[in-house]
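Heads up, the thing below is written out as structure tokens.
Numbers here are sequence positions counted from 1.
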Amino acid sequence: MAKINITLPKLTPATKPFIHALKVVLATHAVGASLDIRAGDAVELLDERIIVDANAAARHIFNTGPFDTTNPLCLLQDAAIEREEAVIAPLLAKKKVAEALSAVERTMTHYTRLFTKEGPLGLVDVIYFGALYEVLKSNTDKDKYSAIYAWYDAVSKTKAVVEAVSIVMAQLSNKSAKKAFVPKTKSVEKEPLPERNTTTQKIKQGLSMKKTEPNEEILPVQGKRNIMITSALPYANNIPHLGNIVGSTLSADVYARYCRARGYNTLYICGTDEYGTATETKALEDGVTCQELCDKYHAIHRDVYKWFEISFDFFGRTTTPQQTEIVQDVFKKALANGFMYEQSMTQLYCEHCQRFLADRYVEGICPSCKYIDARGDQCDGCGMLINAPDLIDPRCKLDGNKPVMRDSSHFFLDLQRLQGDVEKFFEQSSTEGKWSPNGISITQSWLKEGLKPRCMTRDLKWGVPVPLPGYEGKVFYVWFDAPIGYPSITANYTKHWEQWCKNPENVKMYQFMGKDNVPFHSVVYPAAQIASGDNWTKVNHISTTEYLNYEGGKFSKSRNLGVFGNNAEDSGIPPSVWRYYLLSSRPETGDSMFTWSELITKNNSELLNNLGNFVNRAIKFVLAKYDGVLPEMAVSDKEEALFKDVNTLLSQYNEQLENVKIRNALATAMAISARGNQYLQDSGLSNATFTGQRSKCDTVLNVAINLIFLLSAVLFPYMPSVSETICLQINAPLRSIPDEFTCDILPGHKLSGSTYLFTQIDEKMEAQWKQKYGSSA
């Protein structure tokens with residue numbers, strides 16, 4: 001067996017490095033590999049790539065050992081490990097020992113087969129022992145946690161544990177524990193800016209962006225442009241990664257901020273999608289109730305989006321009375337209108353679990369592309385929608401057993417009868433609303449193949465109940481239920497929700513999502529709306545993205561690959577830089593690839609050298625030479641040429657965002673900044689110009705500050721904090737996005753101060769961030 005190479009620092013008990021070291025060393029002894037330890041600053045596994053996450057390192061080590069990773073128990077193993085990462089480790093870190101041990105006790109009861117009583121240690125044993133060793137060796141409450149201590153006493157006596165503990169204890173230092181590694185960018189000391197001073201402002205009136213006051217209810221206004229924006233509701237059973245964020249919530253936020261800055265009456269609604277099989281499965285794996293799981297992940301999603309500066313007008317959830325009421329109302333009306341019918345269907349039933357298996361409880365071989373891990377509702381290999389009984393060699397995801405076939409009654413939405421109406425809606429909406437090309441092609445593919453009746457109920461407990469006698473214990477299918485979350489979340493925002501959701505004459509709806517969500521928004525949801533007979537506000541524009549991948553592979557929490565929403569802050573990179581990079585790389589026409597090298601290049605070349613240099617150079621010159629007071633100007637041919645170029649770009653920018661061309665509009669905004677840099681360069685702005693050509697210098701700086709004011713507006717949808725910082729420096733309010741560039745800050749206006757917008761990122765950070773967040777290379 002190959003030698004395992006690791007680095008270990010000097011350790012301190014009850015710290016993360018100690019726990020990580022024990023996991024990695026114990027994993028090596030558990031598989032019988034030889035170990036080469038080198039002194040280092042962190043616990044690292046040195047292989048083809050450096051692995052710093054202890055659980056990922058343990059997985060890697062076990063994959064080199066004589067273990068059958070094709071065993072169905074691996075499914076349960078992943079669930080148990082994820083529970084240690086998501087629930088137990090955070091509780092231990094917060095010193096909530098009793099709660100953590102109770103969670104471990106439930107896990108051991110649920111996943112008995114994964115915890116050894118005798119024989120060789122498994123991967124789960126290694127990870128849990130490493131996490132619990134320090135707690136269990138000093139805890140005396142053995143009677144309360146009998147299952148834990150029965151396991152702990154058994155594994156503590158194994159040769160692997162004895163040797164691993166001895167090696168780790170030998171690394172102890174009397175010095176205090178080192179702090180966890182957090183990579184940092186090169187920092188520049190920022191001086192605090194003063195408050196805006198309205199007494200020293202000289203700005204044309206009527207330019208400020210309208211702000212919604214706290215507790216102000218946004219409702220459609222007759223005669224105004226009323227825009228309702230939604231982003232695909234994220235599942236409340238996982239943590240979003242960067243691809244999830246840019247594909248829905250961040251893209252929708254850009255458009256919402258643009259609409260507000262243009263003066264449109266705008267409502268941006270989102271929330272967590274909390275019902276369905278995925279939630280029930282995850283709760284079962286974690287040993288918690290569905291509601292507890294949803295509460296946890298709702299809070300995580302809310303905090304992630306807040307850090308990324310997503311400006312929801314309301315962020316709700318689907319586990320509400322309003323959701324139940326509206327979903328059941330749509331169903332009853334569709335049934336009364338003859339678009340829902342009852343039919344018995346043969347389903348997979350697990351005799352071991354004693355339950356009908358919903359789609360996500362089943363895995364097997366795709367009947368189309370033969371992908372071996374296709375889900376019971378859709379194949380991730382080819383994207384084909386699947387009926388679970390059609391899978392080849394199906395297996396229960398919970399225990400790996402082969403299910404049997406049994407009959408169960410369900411309701412079907414008659415999509416076949418609705419196809420004509422759906423096609424009419426699609427042709428009008430996609431043309432008038434100018435949908436994204438991939439949204440159009442995916443929908444056309446569904447319609448060309450011909451719509452078929454689709455089952456809209458499931459044998460589950462967690463969901464909106466089917467409101468009919470004999471259907472106790474059945475709930476609605478998540479893709480019937482989830483899109484109705486848009487009106488139900490709006491109903492939680494305002495009792496006048498129908499003014500938004502049933503008002504197609506006065507409201508345009510824009511929806512943002514990844515491409516895998518398209519058919520449910522472009523076909524299934526509109527079909528349900530039509531079937532109900534109500535005058536729903538249907539989607540006017542669908543904006544979809546392809547996939548954002550990570551460093552040559554896919555984002556994977558289990559393999560320690562990629563940046564997830566809850567750890568982006570740990571990078572030390574501010575939200576504005578993340579937003580800029582993700583939106584400039586937005587996968588609009590094809591998949592795109594996140595790379596650390598590209599992020600560093602974009603920060604240093606585009607943000608710092610282009611935008612940051614232009615803004616800082618002009619503002620500092622006015623502060624240094626004019627005491628911050630804007631001088632008079634006398635327009636020459638150079639300024640006329642600048643105005644013409646900028647207005648051409650501004651018109652292009654507005655047209656692009658009106659058509660939801662988010663990435664292209666950002667490039668245009670940066671082209672305005674580049675034109676400003678060129679103007680300063682061509683004008684030869686310098687101390688000599690100030691001394692020898694004062695009138696020219698006055699004009700150049702007046703125009704440059706006004707162009708910076710315009711830039712603060714066009715960049716606001718993308719980097720709101722940067723726009724706010726710019727406006728603070730020039731002592732101006734956040735302004736609306738105009739149709740034309742004019743000099744709206746007048747001579748005599750006094751600036752507030754200066755600070756750097758961006759900081760240089762050392763290229764060496766690429767290697768450090770790859771260590772921290774993983775790399776497929």
[X] vs [Y] aromatic rings, parallel, tilted or perpendicular, using cut-offs 30° and 60°?
| X | Y | value |
| --- | --- | --- |
| Y152 | F129 | parallel |
| W578 | F594 | parallel |
| F18 | Y133 | parallel |
| Y275 | W462 | perpendicular |

Self-check item: salt bridge (charged side-chain N to carboxylate O under 4.0 Å, His left out) involving K474 - partner list, sequence neighbours excluded
Solution: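 K474 satisfies salt bridge (charged side-chain N to carboxylate O under 4.0 Å, His left out) with D459 once adjacent residues are dropped.
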Quiz item: With sequence neighbours excluded, what pairs up with R458 under the salt bridge (charged side-chain N to carboxylate O under 4.0 Å, His left out) test?
Solution: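 Only D359 meet the salt bridge (charged side-chain N to carboxylate O under 4.0 Å, His left out) criterion with R458.
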Self-check item: Geometric cation-pi criterion R355 and Y361, 6.0 Å radius, 45° cone
Solution: yes
Quiz item: Any cation-pi pair here, R302 with F315, using under 6.0 Å and within 45°?
Solution: no
Please check if any side-chain donor atom of [X] sits under 3.5 Å from a side-chain acceptor atom of [Y], or the reverse.
| X | Y | answer |
| --- | --- | --- |
| S488 | Q323 | yes |
| Q291 | T289 | no |
| N237 | T279 | no |
| W479 | D377 | no |

